[in-house]
Amino acid sequence: MSASETSLPKRLLSGVAIAAIALVLAACSDEKKEAASKAPVETSASADAITTASTTATPAASQAKPAGTEVAQASAPAAKAELPQSEGSVDVQKLMEPGALPEMALGEANAPVTIVEYMSMTCPHCANFHNKTFDAIKAKYVDSGKVRFIVREFPFDPRAAAAFMLARCAPEGQYFPMISMLFKQQEQWAAAENGRDALLQMSKLAGFTQESFEACLTNQKLLDDVNAVMQRGAKEFGVKSTPTFFVNGEHYSGDMSVDVLSALIDSKL
């Protein structure tokens, strides 16, 4: 490993490559101003230094009716989900131009609705969306050809960058499963005292070896490209928090429930 390679984990740790932009952005979308959860960062120079509802209205219970009396009893309609407030729009053609990394997308290329999500792997709101909303939306809209869903990296800290790098290094077709696994286990690695070991153990479950793990996290070009995706999102499309969604070019910030995102998608169909 060269001197430049051995310095990469340190920069992943210190966040030099992304600190300038991270300082001016909120870690996660949080309208109630809750503190965003961020992993602690240590400053060792070695590779070991990466320590770093749906609510359905139910009809009232049937009551006994006097003989001969007919009562027309309609089921209470389910409350309609309120659409989120758009924060503006961007040029869809520009949004869909190729970036520094190949697009990670699910669904038909000609789907009537395209959703682009900018997310950070250490953002609890992003984890909540992917753990509670994403699978249902995928089954309902992506798999049926109505939605094309694209994920773009927006890491706020070194551990998020490392997690994205590992997802990019996963075997072909395993990016989304890797992302899903890391979000489901976010608390175990994002706040772990030794984040490197925690990420290594999870990576081994995805087929990584010690060698492939180290090779991935010392890939300077990959780190630069992940940061380039983030910087483009901030500079060109005004991304300031995660998760941020662009639905057919319309800008929405913050986590969404299945009902809310379904209503938003339906409004675009």
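Numbers here simply count residues along the sequence, with the first being 1.
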All side-chain hydrogen bond (donor to acceptor under 3.5 Å, both in side chains) counterparts of S89, not counting sequence neighbours: none
By the disulfide (SG to SG under 2.5 Å) test, which pairs, at least two apart or in different chains, include something from residues 146-209? C169-C216
Less than 4.5 Å apart, any side-chain heavy atom of M96 and any of V116? yes
What distance separates E82 CD from L264 CG, expressed to the nearest 0.5 Å? 12.0 Å
Can you tell if the side chain of I137 reaches within under 4.5 Å of the side chain of I265, non-hydrogen atoms only? yes
Backbone N or O of T244 within a donor-acceptor pair of the T242 side chain at under 3.5 Å? no
Side chains of C126 and M121 in contact at under 4.5 Å (non-hydrogen atoms): no
So which heavy atom on A167 is nearest to which on I179, and how close? CB-CD1, 3.8 Å
Has the side chain of Q186 got a donor or acceptor atom that lies under 3.5 Å from a matching backbone atom of C123? yes
Measure the CZ-OG distance between F154 and S120 for me, rounded to the nearest 0.5 Å. 9.0 Å
Strictly by salt bridge (charged side-chain N to carboxylate O under 4.0 Å, His left out), give each pair with a member in residues 241-250 just once, sequence neighbours left out. none
Does the side chain of L200 come within less than 4.5 Å of Q210's, by heavy atoms? yes
Can you pull the salt bridge (charged side-chain N to carboxylate O under 4.0 Å, His left out) pairs that have at least one residue in residues 118-139, sequence neighbours excluded? K138-D143
Measure from the side-chain N and O atoms of N128 to the backbone N and O of P124, and report whether any donor-acceptor pair falls under 3.5 Å. no
Are R232 and F237 in a cation-pi setup, meaning NZ or CZ lies under 6.0 angstrom from the ring centre and within 45 degrees of the ring axis? no
Which residue pairs satisfy the side chain to side chain donor-acceptor pair (under 3.5 Å) criterion with at least one member in residues 91-110, sequence neighbours excluded? E103-R152
Between Y252 and K268, what is the shortest heavy-atom contact and its length? OH-NZ, 3.7 Å
Are the side chains of L199 and L182 in touch, meaning some heavy atoms are under 4.5 Å apart? yes
Answer whether the closest heavy-atom distance between the side chains of M165 and E153 falls below 4.5 Å. no
Hey, could you give me the OG/CD distance between S253 and Q85, rounded to the nearest 0.5 Å? 11.5 Å
Does T114 offer a backbone N or O that forms a donor-acceptor pair with the side chain of N248 under 3.5 Å? yes
Fit a plane to each ring of F149 and F245, take the angle between them on a 0 to 90° scale, and name the class: parallel (under 30°), tilted (30 to 60°) or perpendicular (over 60°). perpendicular
So, do F208 and M178 sit near enough that their side-chain heavy atoms are less than 4.5 Å apart? yes
Any chance you could measure L83, atom CG, to D266, atom CG, to the nearest 0.5 Å? 9.5 Å
Say you draw a straight line from OG1 of T122 to CD of E187; how long is it, rounded to the nearest 0.5 Å? 13.0 Å
Where is the tightest heavy-atom contact between A161 and L223, given as atom of each residue plus distance? CB-CD1, 4.2 Å
Minimum heavy-atom distance M104-F176, with the two atoms named: O-CZ, 3.6 Å
Do other residues, nucleotides or ligands put more than 12 heavy atoms under 6.0 Å from the CD atom of E87? yes
Identify the heavy atoms of A105 and R148 that sit nearest to each other, and give their distance. CB-NH2, 3.4 Å
Would you say the side-chain atoms of H130 and E117 include a donor-acceptor pair closer than 3.5 Å? yes
Is there side-chain contact between F246 and I115, with at least one heavy-atom pair below 4.5 Å? no
Take D225 and V229 through the side-chain contact (heavy atoms from CB on, under 4.5 Å) test and state the conclusion after the steps. CA-CA 6 Å; D225 288 345; V229 172; 5.8 Å; no
Between D197 and Q201: side-chain donor-acceptor atoms closer than 3.5 Å: no
Separation between CD (Q174) and CE (M181), nearest 0.5 Å, reads 10.0 Å
Closest heavy-atom pair, D224 versus Q220, reported as atoms and distance to 0.1 Å, is OD1-NE2, 2.6 Å
Mark yes or no for whether S144, through its side chain, and Y141, through its backbone, hold a donor-acceptor pair below 3.5 Å. yes
The test is side-chain contact (heavy atoms from CB on, under 4.5 Å); show your working for L101 and R168 and say whether it passes. CA-CA 9 Å; L101 288 168; R168 286 281 180 174; 3.6 Å; yes
Scan for disulfide (SG to SG under 2.5 Å) pairs involving residues 240-269, sequence neighbours excluded, and state none if there are none. none
